[in-house]
Amino acid sequence: MDTRTVGVLGGGQLGRMFVEAANNRNISVAILDKKASPAKQISAHPGIEGSFTNAQAIRQLASKCDILTVEIEHVDTHVLEELQRETETNGKKIDIQPSWETIRMIQDKYLQKQRLIDAKVDVAKSKDILADTEESLRTAAGELDLPFMLKARTGAYDGRGNYPVRSPNDYTSALSALKGRPLYAEQWANFTMELAVMVVKTKDAADPLIWESSTKSYPTVETVHQDSICKLVYAPARGLSEKLNDEAQELARKAVASFKGKGVFGVEMFLLKDDTILANEIAPRPHNSGHYTIEACRLSQYDAHLLAILDRPIHAKSLQLLNPAIMLNILGGADPKSYLTLANAADAAGAKVHLYGKGDATKGRKMGHLTLVGDSMPELEDEMRHLIRIADRLHD
Ligand code: ATP
Ligand code: MG
Ligand code: MG
């Protein structure tokens, strides 16, 4: 189908599901990560053993590929910038998607917010914290009110980088929990629902005004988080009016259109009590909220990412929801193998099970997920009930 080799920085579960999509099209994928990482386990290409934060390892990967992409945003973007410039000067054909500029900007949640504001995408009010002192948190509380969310600007995932500040008594613990990390404070979003939309960007240019021609989108889904980690995804979002759905779709596509490069992007949003929708954050890659697309849409988010970076056509119909679906994450429990009880129960319930090949679990680690697809959401909610109970027992 395509003789080009795609290199991926990172070999976790998102990389693994990307390799599955590429394998189905007989496209070779080289992974940069540790030996036997989840993605490498199912890839015929030997890839490169090393870290996606190591410049030399990224160069080695680039020497074996035609296109570079990421499954995680916390990569060394400086070497990606150099590689892109070398392409321009030496005529070496390495295409980096999405652009290193996009990855770099998204890595810093505060800069990402500024970009969204420039693109006229609504976000929660925020304030930079230049010194990690109680005084600066007091100033932030003065501007944003309490509670607010203290956030690490960089290196954040699964809520590891967030600290809810509910009262002045939390100042010391918040600062010590996020010690040594660049910080900003974000106004508390009193949301009634968290929404997400996977957007496929098919044109390189960054311009929120051309969102209709540069992006396509999957349906609006509802995400439920526990301890800041995604737990459940309902596709479509339950009880969302057509008007709010349209607003979420437009916001997500405008947000993504404002970033350079191609591929899929995950857009997380807050739906507030007064029906305002705010963008929370953007992921420049496949996303947990889009796993359901594997079973519930003609093209999965991984297929779509592959096709977008290869400049192949994507039919808008392929992104539509064929049937309602619910996705439940399989997180590690206190015992290294206890998560398997949920995977086994999911098999018995007729769910589609994905285990990531991470070996023994630690508590809260994403070990897999399961998806139920069916005729109606109430029916799926019924079927999901006892699986959620098992997940809750693992969590406690
Ligand atoms: P991810 O794994 O999605 O990358 P992350 O570590 O980058 O997570 P966020 O997406 O910023 O973290 O926050 C995780 C969750 O914490 C959100 O989905 C939401 O439930 C809650 N949260 C984040 N920011 C706020 C806020 N300003 N107000 C209220 N809740 C928030
Ligand atoms: Mg994040
Ligand atoms: Mg998030």
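First listed ligand is number 1; within each ligand, the first listed atom is number 1. The analysis underlying the following values was restricted to heavy atoms, covering all of them including side chains, and did not include hydrogens, waters or symmetry mates. If you're wondering where the values come from, they're calculated on a predicted model, not measured in any experiment.
For the Mg ion (ligand 3), the count of nearby protein N, O or S atoms, meaning those under 2.8 Å away, is 3.
The ligand atoms of ligand 1 that sit less than 4.0 angstrom from a heavy atom of Asn162 are 9 (P), 11 (O), 12 (O), 13 (O), 14 (C), 16 (O), 23 (C). Interface of Glu268 with ligand 1, defined as ligand atoms under 4.0 Å from a residue heavy atom, comprises 3 (O), 10 (O). Within ligand 1, counting atoms from 1 as listed, the ones closer than 4.0 Å to a heavy atom of Glu194 are 17 (C), 18 (O), 19 (C), 20 (O). Taking every heavy atom of Ala189 and a limit of under 4.0 angstrom, the matching atoms of ligand 1 come to 26 (C), 27 (N), 28 (N), 29 (C). Atoms of ligand 1 found under 4.0 Å from any heavy atom of Lys151, numbered from 1 in the order shown, are 11 (O), 23 (C), 24 (N).
Cation-pi contact between Arg138 and Tyr171: absent, since separation from the ring centre below 6.0 Å together with deviation from the ring axis within 45° is not met.
The closest side-chain heavy-atom distance from Lys203 to Lys262 is not below 4.5 Å. Counting only heavy atoms from C-beta outward, the side chains of Asp392 and Lys231 approach each other to under 4.5 Å. Using a 4.5 Å heavy-atom cutoff, the side chains of Pro147 and Val165 are not in contact. Between Glu134 and Leu175 the shortest side-chain heavy-atom distance falls below 4.5 Å.
The shell of residues lying under 4.0 angstrom from ligand 1, judged by heavy atoms, excludes Phe148. Between Ala124 and ligand 1 there is no heavy-atom distance shorter than 4.0 Å. Heavy atoms of Gly161 come nearer than 4.0 angstrom to ligand 1 in no pair at all.
None of His291, His369, Lys366, Lys358 except one satisfies the side chain to side chain donor-acceptor pair (under 3.5 Å) rule with Gln13; the exception is Lys358. Checked options Val233, Leu232, Leu195; the residue passing with Thr223 is Val233 (criterion: side-chain contact (heavy atoms from CB on, under 4.5 Å)).
Side-chain contact annotation: Asp303 with Ser300, donor-acceptor N/O pair under 3.5 Å present.
For atom 21 (C) of ligand 1, the nearest non-hydrogen atom of the protein is Met149 CE, 4.0 Å. Summary of contacts: the protein heavy atom closest to atom 30 (N) of ligand 1 is Phe191 CE2, 3.7 Å.
Electrostatic pairing of Arg385 and Asp382 counts as a salt bridge here, judged by a charged N lying under 4.0 Å from a carboxylate O. A salt bridge does not link Arg25 to Asp2: none of the charged side-chain nitrogens sits closer than 4.0 Å to a carboxylate oxygen.
Within the 4.0 Å heavy-atom criterion, neither part of Asn288 lies near ligand 1. Contacts of Gln187 with ligand 1, taken as heavy-atom pairs under 4.0 Å, involve the backbone alone. Residue Thr223 does not touch ligand 1, judged by heavy-atom distances below 4.0 Å.
Between His74 and Tyr157, the two ring planes are tilted [angle within 30° to 60°]. Using cut-offs of 30° and 60° on the angle between ring planes, the pair Phe259 and Phe265 is parallel.
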